[in-house]
Trainee: 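Mind looking over this structure? Questions follow.
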Amino acid sequence: KISPHIVNAVILYEDKHFYHHIGINPVSLIRAFRQYASNTPHPVGASTITMQVARMKYDLNSKTIGGKLMQIATALYIDLFYSKSEIIETYLNLAPYGGNIEGIGAASTIYFGVPAGKLTKIESITLATIPQNPTKRGLNTENGIKNIENMRANLVKRWIDEYPDDTNLVNLANMPLN
């Protein structure tokens with residue numbers, strides 16, 4: 001059992017076109033390739049949730065051209081043979097949440113003391129930001145807490161754009177985590 005809030009938060013944060021692509025986002029891939037080719041210092045990412053599942057599940061090195069091509073091919077395969085709900089469930093079960101915490105079940109229990117099916121919206125939004133950079137956004141250091149509070153506030157703004165009735169989350173996002 002996984003809260004629909006964490007599913008919505010992860011899709012909003014990681015891959016807003018998740019339900020509308022074939023495992024890869026060609027526009028994002030082209031943009032990222034152009035930035036890579038022009039040696040942009042901090043290029044944007046192009047990995048969809050499906051591509052991240054391919055990388056995590058099959059331990060692919062997506063930092064090389066060959067590894068990225070394998071990741072793309074694997075994501076296309078995954079999207080062809082698995083439903084979107086199976087893909088997001090796999091992502092949430094494999095995602096890193098800092099230290100040796102892997103998967104939403106462990107993260108929700110360790111960080112908030114609740115099973116993944118009982119996560120609130122603000123807890124879901126908070127956890128959704130960690131897997132993109134679990135080392136930098138861990139809740140075990142003062143810097144990590146500050147980083148996650150900033151990312152949570154940014155995601156709450158995007159959440160409210162998507163779900164305008166949830167303006168009460170602004171106050172919750174401004175509360176300290178510790």
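What you see is a predicted model; the values in this text were computed from it and never measured.
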Trainee: As a quick check of understanding, evaluate side-chain contact (heavy atoms from CB on, under 4.5 Å) for V170 and W159, giving each step before the final call.
Mentor: CA-CA 10 Å; V170 173; W159 182 280; over 6 Å; no
Trainee: Anything under 30° is parallel, anything over 60° is perpendicular, the rest tilted; go ahead and classify F33 against Y36.
Mentor: tilted
Trainee: By side chain to side chain contact (heavy atoms under 4.5 Å, CB included), which residues pair with R31, not counting sequence neighbours?
Mentor: V27, S28, Q35, V44
Trainee: Tell me whether S3 contacts the main-chain N or O of G117 through its side chain, where contact means a donor paired with an acceptor under 3.5 Å.
Mentor: no
Trainee: Taking side chain as C-beta onward, heavy atoms only, is M51 less than 4.5 Å from N25?
Mentor: no
Trainee: Can you list the residues that meet the side chain to side chain contact (heavy atoms under 4.5 Å, CB included) rule with N133, with sequence neighbours excluded?
Mentor: T135, K136, R137
Trainee: Other residues, nucleotides and ligands only: do more than 12 of their heavy atoms fall within 6.0 Å of CZ on R34?
Mentor: no
Trainee: Taking the side chain as every heavy atom from C-beta outward, state whether N8 and Y163 have any atom pair closer than 4.5 Å.
Mentor: yes
Trainee: Would you mind reporting whether L127 and T129 have side-chain heavy atoms less than 4.5 Å apart?
Mentor: no
Trainee: Between E14 and A128, which heavy-atom pair has the shortest distance, and what is it?
Mentor: OE2-O, 4.3 Å
Trainee: Linking I/L/V/M/F/W/Y whenever any side-chain heavy atoms sit under 4.5 Å apart, do M151 and I104 land together?
Mentor: no
Trainee: Can you confirm whether the side chains of H21 and D79 place a donor and an acceptor under 3.5 Å from each other?
Mentor: no
Trainee: How long is the gap from CG on L76 to CZ on F81, to the nearest 0.5 Å?
Mentor: 11.5 Å
Trainee: State whether the side chain of R152 and the backbone N or O of T126 hold a donor-acceptor pair below 3.5 Å, judged by distance alone.
Mentor: no
Trainee: For Y82, enumerate each residue passing the ring-ring contact (aromatic ring centres under 6.0 Å, His included) test, keeping only those at least two apart in sequence or located in another chain.
Mentor: none
Trainee: For E123 and T120, which I'm curious about, is there any donor-acceptor pair between the side chains at under 3.5 Å?
Mentor: yes
Trainee: Examine distances only and state if a side-chain atom of N147 and a backbone atom of N143 form a donor-acceptor pair shorter than 3.5 Å.
Mentor: yes
Trainee: Does V114 form a side-chain contact (heavy atoms from CB on, under 4.5 Å) with T109? I'd like the steps, not just the answer.
Mentor: CA-CA 5 Å; V114 298; T109 301; over 6 Å; no
Trainee: Is the CE atom of M56 crowded by more than 12 outside heavy atoms at less than 6.0 Å?
Mentor: yes
Trainee: Using modelled atom types only, decide if a donor and an acceptor are shared between the side chain of Y111 and the backbone of Y97 within a distance under 3.5 Å.
Mentor: yes
Trainee: Looking only at non-hydrogen atoms, find the nearest pair between S47 and K68 and report the distance.
Mentor: OG-NZ, 3.2 Å
Trainee: In sequence, state the C-alpha distance, the side-chain angles, and the governing distance for N174 and V156, and then conclude on side-chain contact (heavy atoms from CB on, under 4.5 Å).
Mentor: CA-CA 10 Å; N174 291 326; V156 163; over 6 Å; no
Trainee: Give the minimum heavy-atom separation between I24 and A75, together with the two atoms involved.
Mentor: CG2-CB, 4.2 Å
Trainee: Does the pair F112 and K118 meet the rule for a side-chain contact (heavy atoms from CB on, under 4.5 Å), with working shown?
Mentor: CA-CA 10 Å; F112 297 112; K118 302 270 186 198; over 6 Å; no
Trainee: Distance only, no hydrogens: is a donor on one side chain within 3.5 Å (strictly under) of an acceptor on the other, for Q132 and Y13?
Mentor: yes
Trainee: Report, as yes or no, whether the 6.0 Å neighbourhood of atom CG on N100 holds more than 12 heavy atoms from other residues, nucleotides or ligands.
Mentor: no
Trainee: Could you state the interatomic distance from CG (L169) to NZ (K121), rounded to the nearest 0.5 Å?
Mentor: 6.5 Å
Trainee: A side-chain contact here means heavy atoms from C-beta on lying under 4.5 Å apart; do Y58 and I78 qualify?
Mentor: yes
Trainee: Counting N and O atoms only, with roles assigned by atom type, does the side chain of N61 sit under 3.5 Å from a partner on the main chain of G67, one being a donor and the other an acceptor?
Mentor: no
Trainee: With a 4.5 Å heavy-atom cut-off, do P96 and E102 have their side chains touching?
Mentor: no
